[in-house]
Amino acid sequence: MQFMLLFSRQGKFQLQKRYVPLSDKEKKKITRELVQTVLARKPKMCSFLEWRDLKIVYKRYASLYFCCAIEDQDNELITLEIIHRYVELLDKYFGSVCELDIIFNFEKAYFILDEFLLGGEVQETSKKNVLKAIEQADLLQEDAKEAETPRSVLEEIGLT
Amino acid sequence: MVVPSLKLQDLIEEIRGARTQAQEREVIQKECAHIRASFRDGDPMLRHRQLAKLLYVHMLGYPAHFGQMECLKLIASSRFTDKRVGYLGAMLLLDERHDAHLLITNSIKNDLSQGIQPVQGLALCTLSTMGSAEMCRDLATEVEKLLLQPSPYVRKKAILTAVHMIRKVPELSNIFLPPCAKLLHERHHGILLGTITLITELCERSPEALRHFRKVIPQLAQILQTLVTTGYSTEHSISGVSDPFLQVQILRLLRILGRNHEESSETMNDLLAQVATNTDTSRNAGNAVLFETVLTIMDIRSAAGLRVLAVNILGRFLHNSDRNIRYVALMSLLRLVQSDHSAVQRHRPTVVECLQENDASLSRRALELSLALVNGSNVQAMMQELQAFLKSCPPDLRADCASGILLAAERFAPTKRWHIDTILHVLITAGSHVRDDAVANLTQLTGGQELHAYSVHRLYNALAEDISQQPLVQVAAWCIGEYGDLLLEGNFKETEPLQVEEEEVLALLEKVLQSHMSLPATRGYALTALMKLSTRLCGDNNRIRQVVSIYRSCLDMELQQRAVEYDTLFQKYNHMRAAILEKMPLVDRGGPQVDEEAKESKEAAQLSEAAPVPKESQASQLLDLLDLLDGASGNAQHPPLLDPSPGGALVHLPDLPCPPPPAPIPDLKVFEREGVRLNLSFIRPPENPPLLLIIVTATNSSENDVTHFICQAAVPKSLQLQLQAPSGNTVPARGGLPITQLFRILNPNKATLRLKLRLTYNHFGQLVQEIFEVNNLPVESWQ
């Protein structure tokens, strides 16, 4: 996979994960164009389109578009499964996920994706394992935070 | 006083609360200033929060480069929270182009050897997302060590990181090849999946690796078989299919291993048949596996029966209610239509049904496939379907459909009359979308006297109804001019005899001449036709003479010239008129050179029909009939001629005193990188001043081949650019055969020529992209 984008109907991004380097200008141009193309698709059309020299696979879940760019030799149908699996993971993690969850926890969305895909390839096919890994990382973060909390509170109210 | 910094969530709320773009910008600018200050001298404990906010702002499209160094600091910190956000920042803000990215190499190295799994995971993830070639070289041994770790969590990530490393630095294959065999024995799906991906990558890059890994085919088969026959497993099943991701990956590797290798392919036959028949296809997951199986069957040297099975599976897909499945089926069948034509033919009726799809991308595929399936025996039935489709299809498909029909008609027409009818029908239905070679095509149709009469009758009737479709009008005008006498005879066997009066014919041609819908070229046809009629009709030629003399003062150069010459014919050369305007001899299509007689027929008047540069040949003096025929009957895919060639294609530039050729414009070297060079040569054909031809030549003197070479160009708006297909897209190393490509630029206003080029190609295993404007364009190229 070359990249995965999540964006709303208004064209606002919730996630942009790239596995192939691009210059900033290119990035902007590509994402703008692609988003327009996908948003222009009618609801009954198929999930695949050809764009430049890439194959684009996209699926709409509620108000969010999940859009992946794959290479010529990649299997479109399995990419749909990848997208679906990612949505399931988000759902399990957030408990019935909605767009707001992803907006307010965008970094978590990235972390979850990074446990499922690595370097553009699927790394773990067991939902359980992915969620377990995230849980462990979250716990590690929590433990660390707990140890430091009193200090942060003092900072916040302006008493150093 | 310390200003309390916003939490990430609060910032997000504030941004979302902004009602206008300007307000949002304000909020963000304020926050960014605060973040910047905080980076400078804020609390290190809160740094991760600041970076998180910055990343959010970056995702919305605002600049965030000042956060790059912070990423480094956070990654180097010992807190997990810091590292998590730091690495995320590195993946989003740093990439190969920034020198800063190398600085994280050390941190990654430390984190990899630390032994804390989540941290190792973060490091590997970052490395595999944005690791540059230098980073990969530096860290290869670290990653290799991790391949042998006991923990599957780290191992699977290490394996996929190795895949990324090989993509960046192919030489690292040597390090990562040996562990693969052992890794295949693992039972953890994640590890297996990664290993198979790694092996696939290795095999794609090196023929030795390919040979080496052929011996693991039995093992792969075993794994796949177990997956297929295992029952439901909560952990890995999707809709009754065990781990479809793994299955698809195995099938893909088998495809690569079995390609062009009889022995290996044979061992796979049974397994593939088993997968094809046992997979549950009620949901997408199963279909994904089935699809991959079909792709594999078609690509290796599989048994004939298996291939037929594969095509039938695709045929079944065509009936599937899921649009996506129909799409992949159409795509795959299109790829197979050359190699397995008869098998695909069996599904022709279904394919034709797919023409009715609402989805444009599906109907386009169906159209391509239908056209590919037309052959001698089904041509009439198919034509009917296709013509019906032409009437109702969306506009962007019309041109392709029309030219497809015409091409097919040409190849498979059972009778000339049917051919003429078909072309006529296409011109009437979709005339304005038809490519210009169709005009030349139709006018070349030869046959006995009867067909001339038939054609001209039908064309006349069509023209009388509608004079807006230019190709139709042009052909009709030409025919009426040539065969006007047959038209007036009205004596004709196969259609009802129609009485057409001379005056009607002349009136029609005049109408075409005057209509604002007629293109200048069309008017040219009409005028010439009128002229020819002056010898074919019996009445006196006053009306014609009048029209001709009116056009003597026409503003259009071409028409004016013709009119003046025709008028001269009436006056000074009246005695020659009949000979000059006599009928064209019948031409043998695709035959040898036109005989001398035809060439030398005194067509001085046809000076004015001197056609501009034809598609194929450049600036040739003699408009070879064959060229036009080749152009017409050859690829309907070629872009249309800039100026359509007149229907009087039997036109030659006789011995014109040509102006001395202008001094040649010097070549220009525009690009050089690592032995790859791009050179431009310019030609300004003297007979067509606004036209500039640029030949782009790409050469390669390096040690490595250049592949997937694509060159694109852009010019200012006032100029017209046409790119022809390049001669290829590979330039072999060490001065191998260069790629050439022709650009045609029309510059009627002599505007300053500016040219911007975009090159993409693969060289030394890397993707190269260059966009640049060509400087120092010689002035003679546009003045």
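Each chain gets a letter, A, B and so on, in the order its sequence line appears, and its residues count up from 1. These figures come from a predicted structure and were not determined experimentally.
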Quick one: what part of A/L117 sits under 4.5 Å from any heavy atom of chain B, side chain, backbone, both or neither?
neither
Check: A/C46 main-chain N/O paired with B/N324 side-chain donor or acceptor under 3.5 Å:
no
Begin from the C-alpha positions of B/R167 and A/E121 and carry the test salt bridge (charged side-chain N to carboxylate O under 4.0 Å, His left out) through to its verdict.
CA-CA 13 Å; B/R167 285 183 183 150; A/E121 308 284 342; 2.7 Å; yes
Side-chain (A/N75) to main-chain (B/A288) donor-acceptor, under 3.5 angstrom:
yes
Of the backbone (N, CA, C, O) and the side chain (C-beta and beyond), which part of A/N129 lies under 4.5 Å from a heavy atom of chain B, both, or neither?
side chain
Interface moiety of A/F13 toward chain B, non-hydrogen atoms closer than 4.5 Å
both
Tell me which of these, B/I159, B/I238, B/I710, B/I116, has more heavy-atom pairs under 4.5 Å with chain A than the rest.
B/I238
Contact between A/E107 and B/L88 at the side-chain level, heavy atoms closer than 4.5 Å - yes or no?
yes
The interface call for A/L100 against chain B, heavy-atom contacts under 4.5 Å, is side chain
Are A/K132 and B/E235 close enough for a salt bridge, meaning some N to O gap below 4.0 Å?
no
Contacts with chain B made by residues 65-72 of chain A (heavy-atom distance under 4.5 Å), listed by residue number:
none
Which atoms of B/Q117 are under 4.5 Å from chain A, going by heavy atoms: the side chain, the backbone, both sets, or neither?
neither
Quick one: are A/F48 and B/L362 in side-chain contact, heavy atoms under 4.5 Å?
no
Of all of B/E357, B/H189, B/Q9, which one pairs up most often with chain A through heavy atoms under 4.5 Å apart?
B/Q9
Would you kindly say whether A/E115 and B/Y153 are connected by a side-chain donor-acceptor distance under 3.5 Å?
yes
A/Q73, part contacting chain B, at a heavy-atom distance under 4.5 Å:
both
Assert top hit (heavy-atom pairs under 4.5 Å, partner chain B, pool A/Q136, A/K17, A/R41) equals A/K17
State, yes or no, whether a side-chain contact exists between A/D143 and B/F80 at a heavy-atom distance under 4.5 Å.
no
Choice from A/E124, A/Q16, A/E26, A/Q123 maximising heavy atom contacts with chain B below 4.5 Å:
A/Q123
Relative to chain A, which of B/R255, B/H188, B/K83 shows the most heavy atom pairs under 4.5 Å?
B/H188
Taking A/E142 first and then B/R84, would you say they form a salt bridge - that is, a charged N and a carboxylate O separated by under 4.0 Å?
no
Report which part of A/K27 has an atom under 4.5 Å of a heavy atom belonging to chain B: side chain, backbone, both, or neither.
side chain
Between B/M130, B/H164, B/E292, who has the most heavy-atom pairs with chain A when the cutoff is under 4.5 Å?
B/E292
Heavy-atom contact with chain A under 4.5 Å, split by part of B/T129:
both
Quick check on the structure: residues of residues 80-90 of chain A within a heavy-atom distance below 4.5 Å of chain B, by number.
A/L80, A/E81, A/I82, A/R85
Given heavy-atom pairs under 4.5 angstrom as the criterion, report whether the side chain, backbone, both or neither of A/K44 touches chain B.
both
For the interface with chain B, which of A/L22, A/N105, A/L15, A/V20 has the highest count of heavy-atom pairs at distances below 4.5 Å?
A/L22
Between B/D359 and A/K42, is there a salt bridge with N-O shorter than 4.0 Å?
no
Angle between ring planes, B/F245 versus A/F116, binned at 30° and 60°: parallel, tilted or perpendicular?
perpendicular
Side chain from CB out, backbone as N, CA, C, O: work out which of these in B/L8 comes under 4.5 Å of a heavy atom of chain A, or both, or neither.
side chain
Steps toward salt bridge (charged side-chain N to carboxylate O under 4.0 Å, His left out) verdict (B/R323, A/E76):
CA-CA 13 Å; B/R323 207 168 291 113; A/E76 291 97 325; over 6 Å; no
Less than 3.5 Å apart, any donor N or O on the side chain of A/S126 or B/H236 sitting next to an acceptor on the other?
no
For A/S23, is it the side chain, the backbone, both or neither that has a heavy atom under 4.5 Å from a heavy atom of chain B?
both
Does any backbone or side-chain atom of A/R18 lie under 4.5 Å from a heavy atom of chain B? Answer side chain, backbone, both or neither.
backbone
Which answer fits B/R155, side chain, backbone, both or neither, if we ask what part of it has an atom under 4.5 Å from a heavy atom of chain A?
neither
Go through the steps for A/E50 and B/R365 under the test salt bridge (charged side-chain N to carboxylate O under 4.0 Å, His left out), then give the verdict.
CA-CA 12 Å; A/E50 268 147 51; B/R365 297 275 164 265; 2.8 Å; yes
Pairwise side-chain contact, A/V122 with B/Q249, heavy-atom cut-off 4.5 Å (strictly under):
no
Do you know which of B/L92, B/V163, B/N287 has the most heavy-atom pairs under 4.5 Å to chain A?
B/L92
